[in-house]
Amino acid sequence: MVRILPQTKAAAVNPLKSSQPLGAALAFLGVDGAMPLFHGSQGCTSFALVLFVRHFKEAIPLQTTAMDEVATILGGADHLEQAILNLKARTRPTLIGVCTTALVETRGEDCAGDIANIRLKRREELAGTEVVLANTPDFDGAIEEGWAKAVTAMIERITRPGEQTRQSNKIVILPGWNLTVADIEHLREMIESFGLKPVILPDISGSLDGTVPDRWVTTTYGGTSVEDIRELGTAEQCIVIGEHMRRPAELLQRLTGVPYVLFRSLTGLKDADRFVSLLSAVSGAAAPAGVRRRRAQLQDALLDGHFHFGGKKIAIAAEPDQLYQLASFFIGMGSEIAAAVTTTDMSNILEEVPAQSVQIGDLGDLEALGAGADLLVTHSHGRQAAQRLGIPLMRVGFPIFDRLGSQHKLTILYQGTRDLIFEVANIFEANRHAPTPQALDPLRKREMPDELRSSPLARH
C-alpha cells in the first residue's frame, strides 16, 4: 500500500497548490451569467485574478467585498451586502458565487447567516439572482476542495429537491476541476453521439473557451444555466469524474434520487472503455463508428508509444485526483513513478495512487525527490526546478502561463489518451541523449582478474 508522507516543513519553498477560494471561483465561472465574489481583502482577489488571466488569457469576471481594517475588526456583513447589491445593480448576474477567504473564516464570521439575512431583507432587489455561498478558507485544502464545495453549494441551494419525472435521455455530468475546456467539449460530443443530452456542471467549455463576444459582457457568457441546475433532478443518470466530486453527487442523489456512477479517471483504454460501455447501457445504442475508430487509433498509439515509455522514471506534482490520473497513465505505459507530490491529504484517492509513497508538500519536495527522473510533470511553476535538474517538464494542471493553448489540450477518453502518448513520447524523443562508446561497451574499463591476466591467452 502507498505511504502518505505528511508535510513537515514550516513553510512552502516553492508553492504547489492554489487556494480553495480560487477553485470555488473557477467552478462558479462555469455557470452562465455568473459573478464570483471573494469575501475578503482586495489582495486575495487580485492574486487569484492574476492567476486566472495568465492561465486562460481571457478577461475574467471576479469581484471582492474589499474588507478593510475596520471591517476586519467589526465584521464584514455590511461589506458583503453592499457588494452583492452593487453587483446586482451593475452587472445583473443570474448567480453570485460567494467564496470566503481566510480573513473572514479566521475571524469566525457567520457568512451563511449574513447571506440569509441579505436574501430576506433584499428580496425584491435580488429577484432573478441566486446568491450561493461556498465556505473556502485559504488555510485549508486546495483548488480541488474549493471546486467541489462550490458545486455542492450550487446543488444544495438551486436544485429542486424531491423525486421528479425523469427524462430517459438526460444525464448529469459532474466533471473534476482538472478537466480542460477541450476535455469537456469532447465529453459532450461523445455523449451526444449516443443520442443522449448531457447537462454539465460546471461547464467551463462554454465560458472559458476563448471566444470573443460581439459586445462587452460583465459576467460569464456561456456555461451551465441556472435553470439547468434547478432541473438536475429530472436526469436519468449522473456521471461523476474524480473522487473529489463524490460529495456533490451524493448530495444530488439524496435530494432527487438520481443515481451516480463515479469514474476516478477517464484517461487510458480501460477507463474509456468503461465509460463508453456505460453510455451504451444508458442509451441502449451501440458505440458509433467514429468512437470505435478512435479506439482503434488509441490501440495503435499504445503500440507505437510504449517503446518510449518503458523504464522511464516520472516525477509528478499535482492535486490528488490529477496525480492519480497521471500516475495511472504512466504506469499503464510501462514507466515508473519516481516521485509523487500532492497538495493535501484530504482525499481518499491518494491510497490508490500507483507509487511507493506520496509526499504532501510543494515543488521544493518535487525537486528533491525528482532528481534523476526522466520527466517532471507539474504546472508552470515547476519550470525552475526542471531547469536546475536538467530534466524536461511536461506542463499540466493550473496555472500554465508560459505556454499557449493549455485549455485546448485533450487528456481524456480515446483521443485524449492518444494525444497524451504522443506528447510525452515526443518530449522523450526531443531530449534523447546519444549513447557513448563507453556506455555501449560496459566491459571496456572492467578490471581483469589476476588469474586471467597471468594466463597465456591474456598475453596474446
Side-chain angles (χ1 to χ4, degrees), residues 27-28 30-34 93-97 116 119 123 126-134 147-176 179 184-207 220-242 244-263 266 274-288 291 413:
F28 288 131
V31 177
D32 188 26
T94 59
L95 180 144
I96 297 175
R119 289 196 195 105
R123 181 176 299 174
L126 294 176
T129 297
E130 293 285 353
V131 181
V132 177
L133 169 66
W147 171 282
K149 284 183 177 180
V151 177
T152 303
M154 285 189 281
I155 293 173
E156 185 174 25
R157 172 64 191 169
I158 302 173
T159 302
R160 182 180 290 115
E163 294 280 346
Q164 300 164 48
T165 302
R166 303 284 177 80
Q167 299 179 25
S168 59
N169 67 334
K170 179 179 177 180
I171 60 174
V172 175
I173 306 295
L174 301 181
L179 267 63
I184 294 177
E185 287 179 342
H186 185 55
L187 198 61
R188 179 188 294 106
E189 292 169 358
M190 173 74 82
I191 294 167
E192 289 176 345
S193 71
F194 283 83
L196 299 170
K197 177 186 176 183
V199 176
I200 303 172
L201 176 68
D203 184 6
I204 61 170
S205 73
S207 56
T220 58
Y221 53 93
T224 315
S225 70
V226 169
E227 187 58 30
D228 280 341
I229 302 174
R230 187 169 287 115
E231 298 299 327
L232 292 181
T234 61
E236 182 72 21
Q237 180 75 55
C238 175
I239 298 177
V240 188
I241 304 160
H244 64 291
M245 297 303 288
R246 184 185 294 274
R247 184 183 171 195
E250 289 175 342
L251 174 63
L252 180 63
Q253 185 176 41
R254 189 163 62 250
L255 284 177
T256 66
V258 176
Y260 73 88
V261 176
L262 187 142
F263 291 83
L266 288 183
R274 182 176 166 232
F275 182 77
V276 169
S277 296
L278 176 62
L279 294 183
S280 292
V282 173
S283 65
V291 174
L413 300 177

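Computed from heavy atoms alone, side chains included, the values below leave out hydrogens, waters and symmetry copies.
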Contact check, side chains of Val261 and Cys238, non-hydrogen atoms, under 4.5 Å: no
Ring pair (Phe, Tyr, Trp, His ring centres under 6.0 Å) partners for Tyr260, two or more places apart: none
Side chain proximity check, Thr256 to Leu232, heavy atoms < 4.5 angstrom: no
Spacing of CD1 belonging to Ile200 relative to CG belonging to Leu174, to within rounding of 0.5 Å: 10.0 Å
Side chain proximity check, Leu187 to Leu413, heavy atoms < 4.5 angstrom: yes
Residues which pass ring pair (Phe, Tyr, Trp, His ring centres under 6.0 Å) with Phe194, listed by chain and number, not counting sequence neighbours: none
Asp32 vs Thr224 side-chain heavy atoms within contact, under 4.5 Å: no
Heavy-atom check, side chain of Ile239 versus side chain of Phe263, under 4.5 Å: yes
Those residues that, when tested against Glu130, pass salt bridge (Lys or Arg N to Asp or Glu O under 4.0 Å) (two or more places apart): Arg157, Arg230
By side-chain contact (heavy atoms from CB on, under 4.5 Å) - contacts of Ala153 (at least two apart): Val132
Minimum side-chain heavy-atom gap Val199-Ile171 below 4.5 Å: no
Heavy-atom closest contact (Ala34 atom, Thr220 atom, distance): N-OG1, 2.8 Å
Residues that Glu189 engages under side-chain contact (heavy atoms from CB on, under 4.5 Å), provided they are two or more places apart: His186
Main-chain N/O of Met190 paired with Ser193 side-chain donor or acceptor, under 3.5 Å: yes
Shortest non-hydrogen contact from Ala150 toward Ala134: CA-CB, 4.1 Å
Heavy-atom side-chain proximity of Thr234 to Thr165 below 4.5 angstrom: no
Closest contact, heavy atoms only, Ala235 versus Val172: CB-CG2, 3.4 Å
Any donor-acceptor N/O pair, Ser280 side chain to Ala286 backbone, under 3.5 Å: no
Check against side chain to side chain contact (heavy atoms under 4.5 Å, CB included), Met154 and Leu95: CA-CA 10 Å; Met154 285 189 281; Leu95 180 144; 4.2 Å; yes
Lys197/Glu192 ion pair, N-O < 4.0 Å: no
Test log, rule side chain to side chain contact (heavy atoms under 4.5 Å, CB included), inputs Leu201 and Ile155: CA-CA 9 Å; Leu201 176 68; Ile155 293 173; 4.0 Å; yes
pair Arg188-Asp203: side-chain heavy atoms closer than 4.5 Å: yes
Shortest non-hydrogen contact from Pro175 toward Leu179: CB-CD2, 3.9 Å
Qualifying residues under side-chain contact (heavy atoms from CB on, under 4.5 Å), relative to Pro259, sequence neighbours excluded: Arg166, Gln237, Gln253
Taking every non-hydrogen atom, the tightest pair across Ser205 and Glu185: CB-CG, 3.5 Å
Nearest non-hydrogen partners of Leu262 and Gly242, listed with the distance: CD1-O, 3.8 Å
Thr129 backbone acceptor or donor facing Thr94 side chain under 3.5 Å: no
